[in-house]
Amino acid sequence: MTWGTEDGTGRWSPFPVQDWELLPADPAAEPEQPRRPALRPLLIITACLVLLAGSIFTIERIGAITAGGSPYLPADGTMSRGIREVAAAGRTDQHPAVTEAAVRFASAMFGSTDFAFGTQLIGALDVSADELGEVGRIRLWRSILTTPDRQSTAVYRVDDGIDLIGEDRPLDDGERAGPDGSAGRGYAYRPGLTELPAGAVVGSTWRDRGAAGDGIEYASDFRAEAPAGHPAGCLQTSGRIRYTDEAGAELEVRRVRRVWCPGRGIVESVQTVGDRTDTVRPADWPAADPVPATDPVPTAGPAPDWTDPGRWRAIEQSPVSVSPRFGEAPMTGVPASMPPPVITGGGRLVRVSQTGQDLVVLAGEGGSLRSVLRLHPGGTITALAGFGRMIIVSTSLRQVIGYSDNGLRLWQRDLPEVAEARPALIGARSDDPRIALATIDGTVFALRLRTGEEVWRQPAGAQVFQAPVVAGDRVVVGGDDGTLTALAAADGAEQWSVSGVIGQPRVIGSLVITTGDGVIEGRDLADGRGRWRLPYAGTLSGTAVAADRLIVATRVGTMILDESGTVRGRLGPLVGVVGAGSRWAGWSTDRMLIMGADGTESAGWPLPLETWGTGTRTALVTPVGVQLHGAGWGFTEWAP
């Protein structure tokens, strides 16, 4: 890329030149150096993921790009809402749109994009063998534009200026597919297409040329202008990108106008190809806009219907990542074990990508799950929950965010501190459902599920790292100093508080039960008075509620208790349990079991022994079965 020269090459001649290739070489010029050999993209992505595996802790502590680079670079997690308008063939369609910024080092970014697209990005970076160790320090910005169930992604290199290295988007309705017949449009630019050079000011011009993919060349011509109707400090870039095949035949001409604002990135964009104009502009969504925020009556999760587990079969799920333009490939990166995955009321599986701290939304039937959305709330994800069609996520940026499971970020709210535990649902069957959320400084909030609006807040008197429990008109919160506090669900008023209690609270009938430090305690939900205490042996591995029974699993045995604290059944040791209505699932190191509330086995299947590959397993209840997740993206599901 060169500045301000008519031919865009930066070469000088004492006379006008029609064909620069015919101009004799300048004998005073330095001889051209041989081009360094570039490594193959698949080799690079493998090396990047190896580097990432050894440095994931450092990357997550470094997190987003902090200082340096272009002043127009948005911070990690920056979100803007607007309208996407597509005008073509005499018709104009409008959709609510959300743009999210993911700003990461390259090793984390490659592991958080669809694999096929990621290999294109690595090829565009043109990394040589002697630079391989520095790949993880290359700074990238991924701009994710989401309309309901559709995403377009652009990735920029942002060391100094802002250079587009790859883009990937699905075709719109009625849009003609490219010559390869793919379901999307996308390019990988080598060298990167300069969208905003370092130091650009009003009047600057610049040009680029290079490869935009296999057999595709590009040439661009841009200028910077003062944008009308935008704050001082913003800059408008306008220009044209021409795509040709290797023989020079024109494939496409794209006219582009973007408005950039400091710290916000692109705030407005207009792109025209032929008679099709695609505009994204900031705007509030109309009140009547049909955004499917949630079910009319959300629940705390999908209502399980485990009527006949004996007829279930084991289904091995191996999710695939899907790039609209570049196709399907295996999932990349490393999924997080904490927070555990959730399922929405729409049947979508949501997992956290440890590698890039994205929410990966998977959908499909049978054994064919596909990535359909990647959402980036910013920072490190600390808690995750699903209520109806809503996804609620808390982050290290001291925020709680509400998404619809079609990908739209509906609301976000700042918190006084980080929330490390998942929220609980209040008023599941009401017209105004809320969530109870506790931050680690001991503040408990009630927020409206659909809007994030605060209903009340109340101090719990201690730091809180456990999820609150909602039962009837009570919200019960356990503090790290051994306090157990019950708040009124309606207004947060304290109902009672006791001390010397350890363990995550569970509710059975009229009792709140805690299990910890070798003792199980039952207290009256109405006033907190102790009803009974029961010692247990072994390291606690989990508790669950099924019907009117509490299941307490340890590494030496499992007990089934009723509301009075009476042991109604004993089983062998289990490494995890999860409740599902009137049944529960438990698993050992080598077997998955489906049990009735009284401990009667309904079904069972062998499990491979836990290894580094499976990791510590986590079970997830689905409407018709149960899933068991390990360290990778693949998992086993038992269902009809």
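As a basis for the values below, the full set of heavy atoms in this structure was taken, side chains included, without hydrogen atoms, waters or symmetry mates.
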[X] side chain vs [Y] backbone, donor-acceptor pair below 3.5 Å:
{"X": "W633", "Y": "Q317", "result": "no"}
{"X": "R374", "Y": "S112", "result": "yes"}
{"X": "S394", "Y": "V400", "result": "no"}
{"X": "D76", "Y": "G379", "result": "yes"}
{"X": "S321", "Y": "F115", "result": "yes"}

Rounded to the nearest 0.5 Å, what's the gap from [atom1] on [X] to [atom2] on [Y]? Could you check?
{"X": "I122", "Y": "R190", "atom1": "CD1", "atom2": "CZ", "result": "12.0 Å"}
{"X": "D480", "Y": "Q466", "atom1": "CG", "atom2": "CD", "result": "9.0 Å"}
{"X": "M331", "Y": "L362", "atom1": "CE", "atom2": "CG", "result": "5.5 Å"}
{"X": "E420", "Y": "Q463", "atom1": "CD", "atom2": "CD", "result": "9.5 Å"}
{"X": "Q271", "Y": "R254", "atom1": "CD", "atom2": "CZ", "result": "5.0 Å"}
{"X": "F635", "Y": "L628", "atom1": "CZ", "atom2": "CG", "result": "10.5 Å"}

Donor on one side chain, acceptor on other, E195 and Y72, under 3.5 Å = no
Closest non-hydrogen atom pair, [X] against [Y]:
{"X": "A385", "Y": "R422", "result": "CB-NH2, 3.7 Å"}
{"X": "V322", "Y": "E328", "result": "CG2-CG, 3.9 Å"}
{"X": "W206", "Y": "T194", "result": "NE1-O, 3.0 Å"}
{"X": "V103", "Y": "P74", "result": "CG2-O, 3.3 Å"}
{"X": "P191", "Y": "G210", "result": "CD-CA, 4.1 Å"}
{"X": "V350", "Y": "L384", "result": "O-CD2, 3.9 Å"}

task = Step through the shown structure and confirm whether more than 12 heavy atoms of other residues, nucleotides or ligands are within 6.0 Å of CZ on R255.
result = no
ask   = Are Y189 and Y218 close enough that their ring centres sit under 6.0 Å apart?
value = yes
Pairing residues for [X] by the side-chain hydrogen bond (donor to acceptor under 3.5 Å, both in side chains) criterion, not counting sequence neighbours:
{"X": "R223", "value": "E225"}
{"X": "S269", "value": "R258"}
{"X": "S371", "value": "D114"}

Side-chain heavy-atom pair [X], [Y] within 4.5 angstrom cut-off:
{"X": "L373", "Y": "Y403", "answer": "no"}
{"X": "L415", "Y": "F445", "answer": "yes"}
{"X": "P339", "Y": "I381", "answer": "yes"}
{"X": "L408", "Y": "W285", "answer": "yes"}

Between [X] and [Y], does any side-chain N to carboxylate O distance fall below 4.0 Å?
{"X": "D358", "Y": "R142", "value": "yes"}
{"X": "R185", "Y": "E167", "value": "no"}
{"X": "R389", "Y": "D405", "value": "yes"}

